[in-house]
S.K.: 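Dropping the structure in here first, questions after.
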Amino acid sequence: MAQHFLVLTYPAQGHVNPALHLSRRLARTTSARVTFSTSIYGHRLMFPGSAADEIVEDGFVSYLPFSDDYDDGFDPNIHCPFEFHDRFRSASSASLAALLRRLDELGRPVTCIIYNMLFAWAGDVARSHGVRSAVYWIQPAAVFAIYYHYFHGYDGLIKAHSHDPFFEFNLPNLPPLKIRDLPSFLGTTSNEDLYSVLFKLFEQLFQVLDREEADSTAPTVLVNTFGELETEMLAVSAGKVKLLPVGPMVPPSLLEAVKDEPEFDARGDLFRPDEKKYMEWLDAKPKRSVVYVSFGSLAAIKKRQVEEFVRWLRESEWASLWVVRKDHKQAQGELEAALREAEAEGMVVEWCAQGRVLSHPAVGCFVTHCGWNSTLESLVCGVPTVALPQWTDQGTNALLMEMWGTGVRAEVDAEGVVAAEELRRCVEIAMGGGGGAAEMRRSAEMWKDKARGAVAEGGSSDRNLRAFVAAAASK
Ligand code: UDP
């Protein structure tokens, strides 16, 4: 039977992007059919005007959504976050089962489901349909390793010290850690805590992996990283869970020439890029003279943090391109004055083509919230970073950037805000003429070459992906 991978993902930008890159890479490096599936809400944002039951094709991958019962999107102002888990799980698993039946009827039976790490239940749906499955972990292997140890004996130690961000300890296969370096959901102390909903999703995944391991079917987990980058961390659960690094999954144009296949580089934006002429603005700037600032698609910035940014901008010798999401602005209407001032000092956009920005020669450093996609994108573009981690895996990602020598972590004050003076200090390290910036650029260039090598034909991640496809075909 012809192989058909169904790549299942959550409708958030940081989840859609790596799933899309994996889907296209699978389709291009193998002869397998690939279908990408996100929720109806996400699908409509990716393909405005398309009907929920219509299959979209792009020449490489087919797109067909499932329903998670939040077809107009999850809105915390309307929906109860504590109902999210049960509603999401039951609606999505029923809809996934229907999707599998539909693809059967269309003569396109799915042979393997690759599911996002938040979809622990998808393996059960796959099994009841007689289909293979694998997990797609879209955070670093280091974060997988930390969760793994937390759920295998280290929870007591971590819980006992979770109030002290600077408490230091060791976990196997990981560098020395402080509490602040851990995924923030591990600091969840009660079921009343909003993040307990997300913590539960991770807990369930590790329960599923344990169960499968007990059935002596060491589950495969595809990881969006590469072997050269996280060698020790990938060995965390040797022999139990099979961690298979297949990344970095970033826009192909950042890794290789895609001039002849522009559609292969097509984007899966859930937000419309700002129409402002920010690329022309960048074109007019000298080499390495612009600081790019973005907190990704989810993190809302505190009012005082915006004010500190503006204070820094006012005195900075560097120009800045700053992404501020419209819905965040609306939620914080009182920020308008500060943002207007920021706009007078630099370029403020609502959404940009981040890959194009990071690979532009005018960009000298990236002030980032350390989302894993942004982290990998800056790495493959050889751009030094200033790390302002906010939540989830971002504290760990900031630590990794420091370990790789490509980033400097900005310290927060008592209110959890990075003051203008601290921003200036960090940007100076990443941009200035001192040895620090040159050293960071050298490290960034080295990792860029290794990342490109990993995904090139015959590279470590390319071999892993091909081996995964071959193993899925043989069973
Ligand atoms: N992104 C973009 N334009 C922007 C801001 C972000 O295309 O103006 C993309 C970015 O390139 C990355 C994704 O959105 O691929 C954000 O994912 P990440 O893991 O960095 O952060 P999250 O949004 O999940 O917090």
Side-chain angles (χ1 to χ4, degrees), residues 9-24 38 42 45-46 74 116-118 136-140 142-143 183-185 195 198 201 223-225 247-255 265-279 281-282 290-301 320-329 346-360 363 366-381 383 385-398 400-401 406-407 451:
T9 199
Y10 190 75
Q13 193 70 65
H15 294 232
V16 164
N17 288 1
L20 199 54
H21 301 317
L22 172 66
S23 301
R24 295 228 176 92
T38 189
L45 290 176
M46 284 174 76
F74 176 83
N116 175 291
M117 62 199 189
L118 302 182
Y136 187 21
W137 184 266
I138 55 164
Q139 294 180 346
V143 172
S184 60
F185 304 148
Y195 293 152
L198 294 158
L201 295 172
V223 188
N224 186 13
T225 188
M249 292 292 173
V250 294
S253 55
L254 303 186
L255 294 165
D265 208 30
R267 297 149 50 80
D269 287 47
L270 304 183
F271 313 100
R272 294 301 124 221
D274 203 308
E275 282 169 11
K276 277 187 208 140
K277 302 203 174 312
Y278 59 89
M279 289 310 289
W281 179 86
L282 274 179
V290 173
V291 179
Y292 171 55
V293 183
S294 169
F295 283 76
S297 61
L298 298 169
I301 321 170
S320 96
L321 167 60
W322 187 7
V323 178
V324 182
R325 288 253 332 274
K326 191 176 181 184
D327 41 1
H328 294 165
K329 270 204 260 177
M347 171 67 84
V348 178
V349 295
E350 288 176 6
W351 190 251
C352 72
Q354 182 162 297
R356 290 184 66 202
V357 168
L358 284 174
S359 51
H360 195 287
V363 171
F366 181 14
V367 175
T368 173
H369 72 311
C370 309
W372 185 236
N373 296 289
S374 295
T375 303
L376 289 174
E377 288 157 8
S378 55
L379 199 77
V380 301
C381 291
V383 176
T385 50
V386 173
L388 274 75
Q390 305 291 305
W391 70 319
T392 180
D393 58 335
Q394 295 157 13
T396 319
N397 303 346
L400 294 174
M401 287 176 185
T406 57

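In listed order, ligands and their atoms are each counted from 1.
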S.K.: Is the backbone N or O of W391 less than 3.5 Å from a side-chain atom of S184, with the two atoms forming a donor-acceptor pair by type?
M.R.: no

S.K.: Under a 4.0 angstrom heavy-atom cut-off, which atoms of ligand 1 come close to W372?
M.R.: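 In order of numbering, the contacting atoms are 19 (O).
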
S.K.: Just need the protein heavy atom nearest to atom 14 (O) of ligand 1, so name the residue and atom and give the distance.
M.R.: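 Residue, atom and distance for the closest contact: Q13 CG, 3.5 Å.
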
S.K.: Would a distance-only check, ignoring hydrogens and angles, find a side-chain to backbone donor-acceptor pair under 3.5 Å from S294 to G296?
M.R.: yes

S.K.: Taking only heavy atoms of N17 into account, list the atoms of ligand 1 that are under 4.0 Å away from them.
M.R.: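 Near N17, the atoms of ligand 1 are 9 (C), 12 (C), 13 (C), 14 (O), 15 (O).
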
S.K.: Purely on distance, is any nitrogen or oxygen of S374 under 3.5 Å from one on ligand 1?
M.R.: yes

S.K.: For this output row, return yes or no: ring centroids of Y292 and W322 closer than 6.0 angstrom.
M.R.: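 No, the ring of Y292 stays outside the 6.0 Å limit from the ring of W322, centre to centre.
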
S.K.: Distance under 4.0 Å to a non-hydrogen atom of G371: what atoms of ligand 1 satisfy this?
M.R.: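 Ligand 1 atoms under the 4.0 Å threshold to G371: 18 (P), 19 (O), 20 (O), 21 (O).
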
S.K.: Heavy-atom contacts with V323 under 4.0 Å: which atoms of ligand 1 show up? List them by number with element.
M.R.: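 Going through ligand 1 atom by atom, the ones under 4.0 Å from V323 are 8 (O).
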
S.K.: To which protein heavy atom is atom 23 (O) of ligand 1 closest, and what is the distance rounded to 0.1 Å?
M.R.: S297 OG, 2.5 Å

S.K.: So is there a nitrogen or oxygen of S294 less than 3.5 Å from a nitrogen or oxygen in ligand 1?
M.R.: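 No, since none of the N or O atoms of S294 sits under 3.5 Å from an N or O of ligand 1.
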
S.K.: Hey, is the main chain of V143 close enough, under 3.5 Å, to the side chain of D393 for a donor-acceptor pair?
M.R.: no

S.K.: Which residue holds the protein heavy atom closest to atom 5 (C) of ligand 1, what is that atom called, and what is the gap in Å?
M.R.: W351 CZ3, 3.3 Å

S.K.: Please report the shortest heavy-atom distance between L254 and S359, naming the atom on each side.
M.R.: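 Distance-wise, the nearest heavy atoms are CD2-OG, 3.9 Å.
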
S.K.: With no hydrogens and no angle check, do the side chains of Q13 and N17 hold a donor and an acceptor under 3.5 Å apart?
M.R.: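 A donor-acceptor contact under 3.5 Å links the two side chains.
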
S.K.: I want to know if ligand 1 touches Q354 in the polar sense, i.e. an N/O pair below 3.5 angstrom.
M.R.: yes

S.K.: If you count the atoms of ligand 1 from 1 in the order shown, which ones are under 4.0 Å from a heavy atom of G14?
M.R.: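 So the atoms of ligand 1 that pass are 17 (O), 24 (O).
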
S.K.: Under 4.0 Å, heavy atoms only, figure out whether ligand 1 is touched by the backbone of H369, its side chain, both or neither.
M.R.: side chain

S.K.: Around atom 11 (O) of ligand 1, find the nearest protein heavy atom and jot down its residue, atom name and distance.
M.R.: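 Going atom by atom, the protein heavy atom closest to atom 11 (O) of ligand 1 ends up being E377 OE1, 2.6 Å.
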
S.K.: Answer yes or no: is there a side-chain heavy-atom contact under 4.5 Å between M249 and L20?
M.R.: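 With C-beta onward as the side chain, the pair stays apart.
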
S.K.: Please identify which atoms of ligand 1 are closer than 4.0 Å to at least one heavy atom of G296.
M.R.: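 Heavy-atom distances to G296 below 4.0 Å select 23 (O).
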
S.K.: Can you sort out which atoms of ligand 1 are near C352, meaning under 4.0 Å from one of its heavy atoms?
M.R.: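 Per the distance check, 2 (C), 3 (N), 4 (C), 7 (O), 8 (O).
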
S.K.: How far is atom 19 (O) of ligand 1 from its nearest protein heavy atom, and which residue and atom is that?
M.R.: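 Result: N373 ND2, 2.8 Å.
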
S.K.: Compute whether any side-chain donor of one residue and acceptor of the other, for W137 and N224, lie under 3.5 angstrom apart.
M.R.: no

S.K.: Could you check N116, N373, T9 and say which one makes a side-chain hydrogen bond (donor to acceptor under 3.5 Å, both in side chains) with H15?
M.R.: N116

S.K.: Would you mind reporting whether L358 and F366 have side-chain heavy atoms less than 4.5 Å apart?
M.R.: yes

